[in-house]
Undergrad: 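There's a structure below that I have some questions on.
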Number of protein chains: 2
Amino acid sequence: MSSEPKATLKSVRSAIEEELSIFLNRESAYLNSISSDLSPVSDALTSFLLDSGKRLRPLFAYAGFAAAGGAIEKSTTRAMAALELLQACALIHDDLMDGSDTRRGKPSIHRHFESIHVQDQLDGFAPQYGLSAAVLLGDLALVWSDQMINSAGLSTEQYARVIPLYNEMRVELMAGQFLDIHEQTQKDTSTDRSMKIARYKSGKYTIERPLHLGAAMSAEPSNEIFAALSAYGLPLGEAFQLRDDLLGVFGDPSVTGKPAGDDLREGKRTVLIALTHERQSPAQAETCKKYFGRSDLDAQGVATLQEIIESTGARAELESTIEKLTDAALHAAESSLFTNDGRALLVELANIATKRSA
Amino acid sequence: MSSEPKATLKSVRSAIEEELSIFLNRESAYLNSISSDLSPVSDALTSFLLDSGKRLRPLFAYAGFAAAGGAIEKSTTRAMAALELLQACALIHDDLMDGSDTRRGKPSIHRHFESIHVQDQLDGFAPQYGLSAAVLLGDLALVWSDQMINSAGLSTEQYARVIPLYNEMRVELMAGQFLDIHEQTQKDTSTDRSMKIARYKSGKYTIERPLHLGAAMSAEPSNEIFAALSAYGLPLGEAFQLRDDLLGVFGDPSVTGKPAGDDLREGKRTVLIALTHERQSPAQAETCKKYFGRSDLDAQGVATLQEIIESTGARAELESTIEKLTDAALHAAESSLFTNDGRALLVELANIATKRSA
C-alpha cells in the first residue's frame, strides 16, 4: 500500500496518465498479436488518449475519494483512469454524430481513418470507412474502460459499491446524448429542456458521478458524503456545461482546438441559444434563422451571430448564472464532512472547470 | 435454488427471454423517468431484442454450462441473457456500418429513426439523426449487457471467472469487426485472411467464448473442460460463419429477412468470394468485377454472380468444408469430460448452427 495522503492534482494526473499508458501498451500488444492490421486501431486510440486531455473525470473522482478520506493506491488510480476511456468513447462517437472534423486541434477519429483510406488508396468509399472505424474504436474504448475498472484490483467491497454507480453513469450519459441529438430536431428551443440535457450530459456525467465513484472507493463512505458531494457537483456540472456552451460560440480556436463559432455552424441548441431566442427582436430572429446552423457559415456570419447573442444579454446572463452556480458549489465544498485535503481539491477543481478557456 | 437439470433448449430459450423482458421493462421505466423523450429509445431496443432472435449465444453458454455440470438458476440465466444485449450492439452498429436497410425483415435501427424523423417532420437531416440514434442505441445496448451481467447475482467466484472471459470476448468481437471492414478495402481477396476474420467475428465470439462463459459459471470448471469446449466450438464457429456467407448469397429472403444476394450488392469479401476469385476464369473475373459490390444490382445481376460462384465450385467446396468442420465439432462433442445432458445439447446446437436457413 503506497499511500500518498498529500497528493496534488498534478501528481494525481501523472499517476493517471501512467496507468493509462501501461494499460494501452498492454492492450495494444494484445491487438497486434491478433493481427498487425489492427495497428492503426491501437495507434489511433493511444494517441487520442495520451496526446492530450484534461483528465477532469478522473480528477473529480480523486477529489471525491480524498474528500471521503481515501488515500490513493495503484488500484484506485487505475479505476479512476478508466473514466478517460469512457470519455474517449463519448468523444469519438460524439464527433461522428456531429460530423466534427477536429478534436483537440487534430482530425477527429472518423476523419483520421478517412484520410488513411485516401492516402493508402484503399478500395471502397472513404467516409464509410471513417464512419465504421469511429463506431468500432468508440466501442472498443467503452469495452476497455470496463476492462480497466474490472481488472484494477479494487477490493470486493469497493467493487460492489463502484459498479452500480458506474453503470448508472453510463446509462445517464447515453440518455443525455440522445436527448441532445433529439433536441437538435425540435422546431422550438427551450431553456428548460436544454438545462436538463446539460444536467445529464455534463452535470452528472462529468462531475457528480465521478465524485461518487471516487467516494465509493474510500473505506466506508456514508450516505451523507454522497449527498454533500452532489450538493457541490450538480451546480458545478451545470456551470461546466454552460462554460462549454460559451466556448463553443466565443472560444479562441487556438486554445479550444475547434474552429471559431463551431457550435453556430453546427446549429447546436444549447442553453445559450435558447436564451438568445427568448430575448431576440424580430429582426434579430430573422438574421438568426438565416445564419444559424449553416455549415458554410464564414467569419462574418459567425461575428454577426456572436453580436446578436451578446446584445440580447444572453451571454452576460450565462456568465452570471455560471458565477452563481460556481458560488453554490464553492459553498458546498466547505462541508465539514470533507477532509481538509478534499476541500482544497474541490475548490481547485471548481475553478478549473468553470474558468477554463478550452 | 430452483435447479432444472433436464432443461431443454426450448425451456432455456424461454427462461432467457423472460429475464431479458424483465430487464428491459425495468430499464425502460428508468429511461422514461429521466424523460418521456427517451421512449423511442426504449421502444426500439425492446422490440429489437424481444420480437425475434435465435438466442444462439446464450444457448451456447447454457450448453457449455450444462456440459460442465452446471444446473441452471436465475442468476446464471440472467448472465447468459446479457449476451443478447451485446449481440444487439454488434448488429445495430454493424447495420449502420454496412448501410443495411433491414434486419430480421424489419427496418434496421438507423433506418427506423430516419423514418421517425421524416414522419414527425423533425428539423435537420434525417440520415444524420438515424446515424446518431444507431450509434447511441448500440452503445446503450453494450452498457446494458454489462449491467445485466454485473447485477445478475453471480457468486463472487463465478463472477471472477466470467468477467475476464467476457472482456476478452468483447475485444475479440471489435477486433474481428475492424478486420472485416478493413478487408473490404483491400485490392485483393484472400481465403486465409477471410478465414481469420470468420474465426474472430464468429468462431470465437458466437460459439467458443459463450461456451467458455457458461462453463465458467459452473461449480469448478477444469482447464480440460475449457479445452474440450474449444475443440468443439472453434470448428463449429467457422462452419457457422461459412453458412452465413452462403446465406448472404443464396439465402431465401422470406426466411433470412434480408434481400436476396445482399452480400453481393454490398460487395462483402467473404471466404466464399475469396474462393470464387481463386477459381474463376478470366471471363468470369470480368463479369464479377462489373457486378460485384454494385448497390443497384438487380435480380438478373444477382443470378449471374450466383451462377459464377456455383460454376467455379466455390459453393460446393464451402458446403464440403462446413460438413467437415461440423463433423469435427460433433466428434469433439462426444468428449467424456462432458455430462450426458451437455453432450446432447452440443449435438443439437451444432445442427442448428450449421443447417439453418436464416
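Residue numbering restarts at 1 for every chain, and letters A, B, ... go by the order of the sequence lines.
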Undergrad: Indicate yes or no for a side-chain donor-acceptor contact from A:Ser108 to the backbone of A:Ser100 under 3.5 Å, with no hydrogens or angles considered.
TA: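 Such a contact is found between A:Ser108 side chain and A:Ser100 backbone.
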
Undergrad: List the residues meeting side chain to side chain donor-acceptor pair (under 3.5 Å) with A:Asn32, not counting sequence neighbours, and say none if there are none.
TA: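 Expected list: A:Ser42.
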
Undergrad: Measure distances from A:Leu140 to the heavy atoms of chain B and classify the residue's part below 4.5 Å as side chain, backbone, both or neither.
TA: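 For A:Leu140, the contact with chain B is made by backbone and side chain together.
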
Undergrad: So which part of A:Tyr30 gets closer than 4.5 Å to some heavy atom of chain B, the side chain, the backbone, both or neither?
TA: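 Contact with chain B involves the side chain of A:Tyr30 alone.
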
Undergrad: Checking side-chain polar atoms at under 3.5 Å, does B:Ser145 have a donor or acceptor matched by the opposite partner on B:Tyr166?
TA: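 B:Ser145 vs B:Tyr166: donor-acceptor pair found between side chains.
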
Undergrad: Sort and list the pairs that fulfil salt bridge (charged side-chain N to carboxylate O under 4.0 Å, His left out) and have at least one residue in residues 127-155 of chain A, not counting sequence neighbours.
TA: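 Pairs touching residues 127-155 of chain A that pass the test: A:Asp146-A:Arg170, A:Asp146-B:Arg170.
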
Undergrad: Can you say whether A:Asp98 sits under 4.5 Å from chain B via the side chain, the backbone, both, or neither, judging by heavy atoms?
TA: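 Just the backbone, heavy atoms under 4.5 Å.
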
Undergrad: Give a yes or no answer on whether the side chain of A:Thr191 reaches the backbone of A:Val271 with a donor-acceptor pair at less than 3.5 Å.
TA: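 Flag not set: sc A:Thr191 to bb A:Val271 has no pair under 3.5 Å.
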
Undergrad: Which bit of A:Gln128 is near chain B, if near means a heavy-atom gap under 4.5 Å: side chain, backbone, both or neither?
TA: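 For A:Gln128, side-chain heavy atoms alone lie under 4.5 Å from chain B.
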
Undergrad: For the residue pair A:Phe292 and A:His277, does the interplanar ring angle fall in the parallel (under 30°), tilted (30 to 60°) or perpendicular (over 60°) class?
TA: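 It falls in the perpendicular class, over 60°.
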
Undergrad: Using heavy-atom distances under 4.5 Å, tell me whether A:Ala133 contacts chain B through its side chain, its backbone, both, or neither.
TA: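 Both backbone and side chain.
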
Undergrad: Does any heavy atom of chain B fall under 4.5 Å from the side chain of A:Leu31, the backbone, both, or neither of them?
TA: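 Just the side chain, heavy atoms under 4.5 Å.
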
Undergrad: With rounding to the nearest 0.5 angstrom, report the CD1 to CD distance, A:Ile207 to A:Glu238.
TA: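 Separation between the atoms: 10.0 Å.
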
Undergrad: Within residues 154-165 of chain A, which residues come under 4.5 Å of chain B, heavy atom to heavy atom?
TA: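 So far as heavy atoms go, A:Thr156, A:Tyr159, A:Ile163 are the residues that approach chain B to under 4.5 Å.
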
Undergrad: Taking distance alone, no hydrogens or angles, what donor-acceptor pairs closer than 3.5 Å link side-chain atoms of residues 117-124 of chain A to residues at least two apart or in another chain?
TA:
residue  : atom : partner  : partner atom : Å
A:His117 : NE2  : A:Asp123 : O            : 2.8
A:Asp123 : OD1  : B:Lys187 : NZ           : 3.0
A:Asp123 : OD2  : B:Arg269 : NH2          : 3.2

Undergrad: Would you mind telling me which of A:Glu27, A:Gln177, A:His93 has the largest number of heavy-atom pairs within less than 4.5 Å of chain B?
TA: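 Looking at each of A:Glu27, A:Gln177, A:His93 in turn, A:His93 comes out on top.
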
Undergrad: Answer yes or no: is there an ion pair linking A:Arg193 with A:Asp188, defined by an N-O contact shorter than 4.0 Å?
TA: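 Here A:Arg193 pairs with A:Asp188 in a salt bridge, since their nearest N and O are under 4.0 Å apart.
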
Undergrad: With a 4.5 angstrom heavy-atom cut-off, is it the side chain or the backbone of A:Leu173 that approaches chain B, or both, or neither?
TA: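 Neither the backbone nor the side chain of A:Leu173 comes within 4.5 Å of chain B.
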
Undergrad: Is the shortest distance from a Lys or Arg side-chain nitrogen in A:Glu114 or A:Arg111 to a carboxylate oxygen in the other one below 4.0 Å?
TA: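 Judged by the 4.0 Å cut-off on N to carboxylate O distance, A:Glu114 and A:Arg111 do form a salt bridge.
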
Undergrad: If you count heavy-atom pairs within less than 4.5 Å of chain B, which of A:Asp37, A:Leu38, A:Ile34 leads?
TA: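 Result: the option with the highest number of such pairs is A:Ile34.
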
